[in-house]
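I have placed the structure first, in the form of structure tokens, so that the comments after it can refer back to it.
None of these values were measured; they are calculated from a predicted model. Convention: sequence-line order gives letters A, B, ...; per-chain numbering from 1.
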2 protein chains.
Amino acid sequence: MSQAQPPADGPKKTRIQQKNRAAILEAALDVFSAHGFRGATIDQIARAAGLSKPNLLYYYPSKEAMFTTLMSNLLDTWLNPLRAMDPEGDPMAEILAYVARKLQMSRDYPRESRLFANEIVQGAPRMLETLSTELKELVEAKSAVIQAWMDAGKINQTHPKHLMFSIWALTQHYADFDVQVRTLMDGEDPYDAAPAHLETLFRRLLDPAQS
Amino acid sequence: MSQAQPPADGPKKTRIQQKNRAAILEAALDVFSAHGFRGATIDQIARAAGLSKPNLLYYYPSKEAMFTTLMSNLLDTWLNPLRAMDPEGDPMAEILAYVARKLQMSRDYPRESRLFANEIVQGAPRMLETLSTELKELVEAKSAVIQAWMDAGKINQTHPKHLMFSIWALTQHYADFDVQVRTLMDGEDPYDAAPAHLETLFRRLLDPAQS
DNA sequence: CCTGAGTTTGACCGGTTGGTCAAATCCGTG
DNA sequence: CACGGATTTGACCAACCGGTCAAACTCAGG
């Protein structure tokens, strides 16, 4: 009974809405990933999106809403590489492909990686629900697949979940700790050597030809 | 020329000062590591330390000062495991010991790990200087040691810096992404299997007996 | 128990921030 | 080109936040 009825989040309506909503989420990704939820301000996002602050709040009812919309939009993309791991494929090839895809994600979408990193490092106050349902389900399923591969002797025995943690840690590190990595490699692009390094690492870990 | 001369940061004076300075840094570690610099408030730290806000500012001139004091106090401890890597020791044993020590640090000092993670993920605005001098120096030195070990055929050839990144990523992941890890392992302590997992991983990567 | 340095705090300040609102402007459609 | 809904914005507000200050309190040494 006050604010000019803002558009519900449901179906996109006009082309202006589509354009502005997209611009806002893009700007929000920039700002949230660089400063975290608390560190980001609506004004910053507005400036980055080329809109006014009240205008942002016309499209999204609150800063929280921008954040959660952004998160849930991105989660699917983020989990795609894991979903793409094919139980019918060759185990070693599938895992190495997953590692490669995940590393490529770090390279192509570092902001998304840092967005999730920020949130999880701080205890995932706005994502615990998602972690313990959607992500957990996917991880359980893929763990079982990996376990089956191990039981079939296709790859070495290891703890499937710790294997997954290792893949996430190693690939996301290049995006999340980008500043540190680049500072220490002065000039050399980390992504020159990273793919080969990680492939070797996981191949040696998993190749059953080696004890 | 106003505020009752706050104690300089130099030598500790009274026992009250020692106790309160310590309590403040302890509380600051709690709050900064959980919310990041921007997300933390002086009031939160004050409450956690059992002191009033102006009282904190009597001991430290600003929030920034608390943060940087905390950071530089912790950095030494944080880098100790790497410093302890002995060029004269057995290469494989030295590296595996480093991994084990680093993992133990994640277990014993998760807040410290998250404090650094928060700062670096957000571009290390208050630490770039330190990274590019103190850390860089140490990393260059230890990289050379590792390279020498590789050249001597004691361990497999890999990129020394990427090896170090891998050690950091894998060990700190358990502290920095603790919520996620624990959510996905429902109940099982990640640190039960992590040491063996990481030892196997790095042993297989580095053991020169394997191609 | 007096004194002065050391310590603590309530009140306050200016700037920022998330969010509101009414009025103004825009824009597609008839 | 007129109209009504969609969009945009300047002004505003209350809460919060980092920091200041003068006054009050504590406490060790004489």
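Every side chain to side chain contact (heavy atoms under 4.5 Å, CB included) that B/N55 has, sequence neighbours left out, goes to B/L51, B/S52, B/Y58, B/Y59. Under the rule for a side chain to side chain contact (heavy atoms under 4.5 Å, CB included), the partners of A/R101 that lie at least two apart in sequence or sit in another chain are A/P81, A/A84, A/A97. Among residues two or more places apart in sequence or in another chain, the side chain to side chain donor-acceptor pair (under 3.5 Å) test is passed with B/H35 by none. With sequence neighbours excluded, the residues satisfying side chain to side chain contact (heavy atoms under 4.5 Å, CB included) with B/H159 are A/M185, A/E188, A/A193, B/K161, B/H162. In this structure, the ring-ring contact (aromatic ring centres under 6.0 Å, His included) partners of A/W168, at least two apart in sequence or on a different chain, are A/F165.
Counting only residues at least two apart or in different chains, ring pair (Phe, Tyr, Trp, His ring centres under 6.0 Å) contacts with residues 94-116 of chain B comprise B/W78-B/F116. Applying the ring pair (Phe, Tyr, Trp, His ring centres under 6.0 Å) test to pairs two or more places apart or on separate chains, none has a residue in residues 124-149 of chain A.
Residues of residues 32-50 of chain B that place a heavy atom closer than 4.0 Å to DNA chain D, in numerical order, are B/A40, B/T41, B/I42.
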Can you name the atoms? Protein N/O to nucleotides 25-30 of chain D N/O, anything below 3.5 Å, with the distance.
{"unit_1": "D/dA28", "atom_1": "OP1", "unit_2": "B/R15", "atom_2": "NH2", "d": "2.3"}

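Listed by first residue number, the stems of DNA chain D with at least three Watson-Crick or G-U pairs below 3.5 Å are C:1-30 with D:1-30.
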Under 3.5 Å, which donor-acceptor pairs do the side chains of residues 37-45 of chain B form with other protein atoms, sequence neighbours left out?
{"unit_1": "B/T41", "atom_1": "OG1", "unit_2": "B/Q44", "atom_2": "N", "d": "3.0"}
{"unit_1": "B/Q44", "atom_1": "OE1", "unit_2": "B/T41", "atom_2": "N", "d": "3.1"}

In a table with atom names and distances, give each donor-acceptor pair under 3.5 Å that connects a side chain of residues 124-132 of chain B to protein atoms at least two apart or in another chain.
{"unit_1": "B/S132", "atom_1": "OG", "unit_2": "B/L128", "atom_2": "O", "d": "3.0"}
{"unit_1": "B/S132", "atom_1": "OG", "unit_2": "B/E129", "atom_2": "O", "d": "3.1"}

